[in-house]
Enquirer: 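Have a look at this one.
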Amino acid sequence: MEWTTLAGTGLGALIGVGSTLLADRVRWRRDAADRDQRDRRDIYVTCLTKYRLAYEDMHAAATEHRDRDTLAAAVRQAFRTSGCDEARESVLICAPQELADVLEDVYATLRELLEVLAVGEPALDSPEFQEQRLRHGRAVWAARAAMRQDLERRA
């Protein structure tokens with residue numbers, strides 16, 4: 001047997017194995033990036049959903065409890081049981097710093113709404129309360145835009 005035939009066969013095998021390994025590595029990276037993006041999207045959605053549920057539960061508690069003695073406790077309990085603190089911590093660990101800052105703004109406006117609803121002033125139908133809600137809504141929209149940008153950038 002000639003050595004050139006043996007060398008050619010060995011070189012062909014090396015190229016075949018190398019290209020297979022390279023293709024597998026590229027596929028693994030792509031799959032890992034897809035999983036990472038999907039996980040991040042799920043965390044973002046969970047966070048915003050928990051924030052929304054917290055607001056709705058606090059608002060419902062404020063509507064149901066007109067007695068000042070039970071109002072604050074009911075609103076604070078609604079906030080605590082919403083799960084938004086846990087969702088906030090998850091997203092702050094996973095999100096880039098710019099996005100974490102935007103989400104902290106959303107959380108701050110939610111906490112402001114908590115205090116307003118717990119005190120019962122201003123009234124829920126007042127322009128001052130509506131302005132408070134609008135400020136929170138603007139923060140949520142900014143967070144959504146930042147989340148979309150983050151997900152698109154990493155796609």
Side-chain angles (χ1 to χ4, degrees), residues 10-65 70-120 122 124-155:
L11 184 60
L14 266 169
I15 291 172
V17 168
S19 65
T20 300
L21 289 174
L22 181 63
D24 284 348
R25 176 72 176 166
V26 168
R27 188 178 319 111
W28 176 81
R29 277 189 177 167
R30 187 183 61 237
D31 291 347
D34 288 346
R35 271 192 313 275
D36 182 50
Q37 183 181 22
R38 201 173 35 251
D39 291 346
R40 220 176 23 264
R41 185 183 62 237
D42 291 345
I43 290 170
Y44 293 166
V45 168
T46 299
C47 182
L48 288 180
T49 302
K50 295 289 185 176
Y51 284 0
R52 179 69 188 163
L53 292 174
Y55 170 75
E56 289 175 0
D57 291 347
M58 289 186 311
H59 190 273
T63 304
E64 290 172 16
H65 297 273
T70 61
L71 174 64
V75 170
R76 291 181 196 291
Q77 180 64 27
F79 180 82
R80 273 192 301 278
T81 60
S82 69
C84 69
D85 281 328
E86 295 84 355
R88 172 181 171 238
E89 292 303 323
S90 294
V91 79
L92 291 179
I93 290 170
C94 298
Q97 189 59 49
E98 321 78 67
L99 185 56
D101 293 341
V102 172
L103 285 166
E104 279 297 280
D105 290 343
V106 176
Y107 186 77
T109 61
L110 186 62
R111 293 293 302 213
E112 289 169 5
L113 283 169
L114 165 67
E115 295 305 321
V116 166
L117 291 167
V119 172
L124 299 181
D125 57 354
S126 70
E128 295 86 9
F129 180 75
Q130 297 309 316
E131 179 56 37
Q132 200 72 27
R133 278 190 58 220
L134 242 65
R135 189 176 12 222
H136 177 67
R138 284 190 294 268
V140 169
W141 278 102
R144 285 183 188 130
M147 288 172 178
R148 276 193 296 277
Q149 185 178 19
D150 178 56
L151 292 171
E152 288 169 0
R153 179 176 55 235
R154 297 180 192 266

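Since we're looking at a predicted model, the values are computed, not measured.
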Enquirer: Taking all heavy atoms of A87 and all of K50, pick out the closest pair and write down the distance.
Expert: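 Of all heavy-atom pairs spanning A87 and K50, the closest is CB-CG, 3.8 Å.
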
Enquirer: When you measure from the centre of the six-membered ring of W141, is the NZ or CZ of R144 under 6.0 Å away and within 45° of the axis?
Expert: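 Yes; both conditions hold, so R144 lies above the ring face of W141.
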
Enquirer: Return the CD to CG distance between Q132 and L134, rounded to the nearest 0.5 Å.
Expert: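 It comes to 10.5 Å.
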
Enquirer: With the side chain counted from C-beta on, respond yes when E86 and E89 share a heavy-atom pair under 4.5 Å apart, and no when they do not.
Expert: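 The answer is no; the side chains never approach within 4.5 Å.
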
Enquirer: Determine the minimum heavy-atom distance between A78 and A61, stating which atoms define it.
Expert: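 Taking A78 first and A61 second, the nearest heavy atoms are CB-CB, 4.4 Å.
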
Enquirer: Out of curiosity, L53 CG to M58 CE, how far, rounded to the nearest 0.5 Å?
Expert: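 L53 CG to M58 CE: 11.0 Å, rounded to 0.5 Å.
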
Enquirer: Using 30° and 60° as the class boundaries, would you call the ring planes of F129 and H59 parallel, tilted or perpendicular?
Expert: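 The arrangement is tilted - the two ring planes meet at 30° to 60°.
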
Enquirer: Considering all heavy atoms of both residues, which atom of A62 and which atom of L71 are nearest to each other, and what is their separation?
Expert: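 So the minimum-distance heavy-atom pair works out to CA-CD1, 3.5 Å.
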
Enquirer: To the nearest 0.5 Å, tell me how far L151 CG sits from R153 CZ.
Expert: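 Between atom CG of L151 and atom CZ of R153 there are 9.0 Å.
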
Enquirer: Spell out, as yes or no, whether a donor-acceptor pair under 3.5 Å connects the side chain of E104 to the backbone of L99.
Expert: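 Not confirmed, E104 side chain does not pair with L99 backbone.
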
Enquirer: If we only count heavy atoms from C-beta on, is the E131 to P122 side-chain gap below 4.5 Å?
Expert: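 A side-chain contact is absent here, since even the closest heavy-atom pair is not under 4.5 Å.
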
Enquirer: Q37 and R40: side-chain donor and acceptor closer than 3.5 Å?
Expert: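 Distance-only check fails for Q37 and R40.
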
Enquirer: Do E115 and R76 sit within salt-bridge range, that is, some charged N less than 4.0 Å from a carboxylate O?
Expert: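 Yes.
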
Enquirer: CG of D39 to CG of D34: how many Å apart, nearest 0.5 Å?
Expert: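 Rounded to the nearest 0.5 Å, the CG-CG separation comes to 11.0 Å.
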
Enquirer: Where do V75 and H65 land on the side chain to side chain contact (heavy atoms under 4.5 Å, CB included) test, with the steps shown first?
Expert: CA-CA 9 Å; V75 170; H65 297 273; over 6 Å; no

Enquirer: Run the side chain to side chain contact (heavy atoms under 4.5 Å, CB included) test against A54 and tell me which residues pass, sequence neighbours left out.
Expert: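 Scan of A54 (side chain to side chain contact (heavy atoms under 4.5 Å, CB included), adjacent residues dropped) gives F79, S82, C84, L110.
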
Enquirer: When rounded to the nearest 0.5 angstrom, what distance separates CG in D36 from SG in C94?
Expert: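 One gets 8.5 Å once the value is rounded to the nearest 0.5 Å.
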
Enquirer: Under a 4.5 Å cut-off applied to non-hydrogen side-chain atoms, are V91 and T46 in contact?
Expert: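 Not touching, per the 4.5 Å side-chain cut-off.
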
Enquirer: Rounded to the nearest 0.5 Å, how far apart are CG of D125 and CD of Q130?
Expert: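 If I round to the nearest 0.5 Å, the distance is 8.0 Å.
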
Enquirer: Can you check whether R88 reaches L103 side chain to side chain, under 4.5 Å on heavy atoms?
Expert: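 Side-chain contact under 4.5 Å: no.
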
Enquirer: For Y51 and V140, what are the C-alpha separation, side-chain angles and deciding distance, and is it a side chain to side chain contact (heavy atoms under 4.5 Å, CB included)?
Expert: CA-CA 9 Å; Y51 284 0; V140 169; 5.8 Å; no

Enquirer: State plainly whether the residues R148 and E152 are in salt-bridge range, i.e. N to O under 4.0 Å.
Expert: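 Result for this pair is no, no salt bridge flagged.
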
